[in-house]
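As C-alpha cells, the structure follows; a few thoughts come after it.
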Amino acid sequence: MINFDGLLSERVRSIKPSATLATSAKAKRMLAQGIDVVNLSVGEPDFDTPEYIKYAAIKALCDGWTKYTEEAGLLEVRKAICKKLREENGLSYEPENIVISCGAKHAIFNAFQALLNPGDKILIPAPCWVSYPDMARLCGAEPVLIHTTEENGFLPDPAQIADAIANGAKVLLINSPCNPTGSVWEPDLLKEVAKLVERHDDIVVITDEIYEKFVYDGAVHVSIASFSERAKERIVVINGLSKTFAMTGWRLGYAAASKPIAQAMAKVQGQSASHPTAFVQMAAITALSAPQDFVQKMIAEYDARRRRIVSLLNEIPGVRCSMPKGAFYAFANFSGVLGRSYDGVEINNSIELADFLLERAHVATVAGEPFGAEGYLRLSYAISIERIEEGVRRIKEALTG
Ligand code: PMP
Ligand code: GLU
C-alpha cells in the first residue's frame, strides 16, 4: 500500500476541505438520489444571472474573445472596474491597480500569496468565513482570530485590533457585510480602524466587500479604503460578481491595490491560473455598467426572506437568532438544544447537529464550528420563502418531536 499521506505536501495536509462547499455538495448528492433536501447551506443566490449578462458573454464569445488575456485581466474590463469603484465606492484607482481573478476567493488567495510569509500573523475577526484561515495556512502564515460576540453585534472593539496589531500582525482582514454573521461595520468603526492603519506603516488590510449590496434596515456599506488616502496605500479591496449579479459559477472577482501589491498579485496569477476566462471578463463590463434594477429587486426579496427566517428560527425552543444587517445568512445560536438526545441520537455540538438535521430532517445547514463559532448554525436565505418555511418547519419538528 502506498502511503499517500507521505506524498502529499505538509501545506495541504494542514488544511481542511471547505465546509461550505462540502456541505452543499453532500446536499446536492442527496437531491440527485431523489431525496427532497431543503438546501440552506451554500451561499449562492437562487436567482439566475440576468439575461442581458448572458447575452453579453455569448456575444463576446462569438466576437472572438477566446484567447489569452493580460494576466491582470483585459484593460477595458479593468477600466470598467475603476469606474464602478469610483462611482459606487468613492475610490479612485487606475487600471494598473486592478487584478481580475477567477472569483473573489481567487483574488483573496492571490493577495495572501503576495503578502504573507511563513510565520506571519493575519488577524481575522471571528466568526469568519471558513476559507480565510486555511488560505492563510497554505502560505505558512498563522491566522489569529479576534473573537467577537453576539452581544456586541459580532463587531470587534478597535482596542482588540490595536492590541493584536501591537503584537506583531502583518495583515488585518475585514469582511463587511460578514459571512457568516451578517454584521456590517459602521462607518465610525471603519474610520477608527483606518486611523490605526495610518499609524502602523507595516500593516496591510484586506477588505472583502463581496456582500456590499446586501445591506438592510438602513445599514450602509462603506469601504474602509474611502477614509484615508494614506491608509488606502496599504488596503487591498476585494469584490466580485458572484453575489451581486447571481454569477457564482462564472468565477469572476477582482482586487484593487497599490501598484506594487497589484503587480505582485498579478505575478502569482500569471504563474497559476493566468487570468479568468476572456469572454466572462467581457460580460463583466455589461454587468458592472448596466442599470442595477435586477440587484435592487433581488435585495428587496432577500430582505423579506431575512425577516421570515429569523422570526421562524426564534420560534424554536432553545434557539436564538439575532437579525443580521447584511449578507444573506441567518447565524443562529442553537446551544440551547445541544447536549440532549433526539430520536435516540445524542447531539453535543454544531457538527453533530448539522449532520443530524441533514440525515434525519433533510435540511442542509452549515455548522458554526468551521466558522469559529461552536453552538451556532449558519442558514442561507438565498432560497425561496416557501423552502425557508419548509426547512425551518422540519428543523423545529426534528428538535421538538
Ligand atoms: N468572500 C466571502 C466572504 C464569501 O462568502 C465568498 C463566497 N462566495 C467569497 C469571498 C468568494 O466568492 P467568489 O469566489 O464566488 O467570488
Ligand atoms: N461563500 C459561499 C459560502 O460561504 C460559497 C461557498 C464558498 O466558497 O465558501 O457558502
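All ligand and atom numbering here is 1-based and tracks the order in the structure. Index from 1, following the sequence.
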N175 heavy atoms, cut-off 4.0 Å: which ligand 1 atoms fall inside? 3 (C)
Under 4.0 Å between heavy atoms, the region of I238 that gets near ligand 1 turns out to be neither
Heavy atoms only, cut-off 4.0 Å: how does F328 contact ligand 2, side chain, backbone, both, or neither? neither
Could you tell me whether ligand 1 has any atom less than 4.0 Å away from a heavy atom of R251? yes
Check K297 with D293, please: is the shortest side-chain N to carboxylate O separation under 4.0 Å? no
For atom 7 (C) of ligand 2, closest protein heavy-atom neighbour: T20 OG1, 3.3 Å
Write down the atom of L252, the atom of A284, and the distance for their closest heavy-atom approach. CD2-CB, 3.5 Å
Please determine whether the number of non-hydrogen atoms from other residues, nucleotides or ligands lying under 6.0 Å from atom CD of E151 exceeds 12. yes
Below 4.0 angstrom from a heavy atom of K243, which ligand 2 atoms are there? Numbered from 1 as shown, please. 1 (N), 2 (C)
Quick one: sort the F328 and Y302 rings into parallel, tilted or perpendicular, breaks at 30° and 60°. perpendicular
Ring geometry between F154 and F331 (parallel below 30°, tilted from 30 to 60°, perpendicular above 60°): perpendicular
So, regarding W129 and ligand 2 (criterion: nitrogen or oxygen to nitrogen or oxygen, under 3.5 Å), is there a contact or not? yes
Is there a donor-acceptor pair under 3.5 Å between the side chain of D134 and the backbone N or O of K16? yes
Ligand 2 contact on T248 by region, counting heavy-atom pairs under 4.0 Å: neither
Specify side chain, backbone, both or neither for L21, according to which of its non-hydrogen atoms lie closer than 4.0 Å to ligand 2. side chain
Of all the atoms in ligand 2, which lie at a distance below 4.0 Å from a heavy atom belonging to K105? 7 (C), 8 (O)
Quick one: which ligand 1 atoms are inside 4.0 Å of a heavy atom on K105? 11 (C), 13 (P), 14 (O)
Check the surroundings of atom NZ in K325: do more than 12 heavy atoms from other residues, nucleotides or ligands lie under 6.0 Å from it? no
Which protein heavy atom lies closest to atom 16 (O) of ligand 1, and at what distance to 0.1 Å? A104 N, 2.7 Å
Would you kindly specify which portion of Y132 sits under 4.0 Å from ligand 1, judged on non-hydrogen atoms: side chain, backbone, both or neither? side chain
Under 4.0 Å, counting heavy atoms only: does G103 come that close to any atom of ligand 1? yes
Basic-acidic side-chain contact under 4.0 Å: D202, K170: no
For W250 and ligand 1, answer yes if some heavy atom of the residue is under 4.0 Å from a ligand atom, otherwise no. no
For G43 and ligand 2, does the shortest N/O to N/O distance drop below 3.5 Å? yes
Out of E70, E96, Q281, which residue meets the side-chain hydrogen bond (donor to acceptor under 3.5 Å, both in side chains) rule with R78? E70
Any heavy atom of S242 under 4.0 Å from ligand 1? The part involved is side chain
Between S341 (side chain) and G344 (backbone), is there a donor-acceptor pair under 3.5 Å? no
Between F356 and Y342, what is the ring plane arrangement, given parallel below 30°, perpendicular above 60°, and tilted in between? tilted
Could you tell me whether the side chain of R13 and the main chain of D5 form a donor-acceptor pair under 3.5 Å? yes
Within ligand 1, which atoms have a heavy atom of N179 less than 4.0 Å away? 3 (C), 4 (C), 5 (O)
So which bit of K243 gets within less than 4.0 Å of ligand 1, heavy atoms only: side chain, backbone, both or neither? side chain
Starting from atom 2 (C) of ligand 1, what is the nearest protein heavy atom, named by residue and atom, and what distance separates them? D208 OD2, 3.4 Å
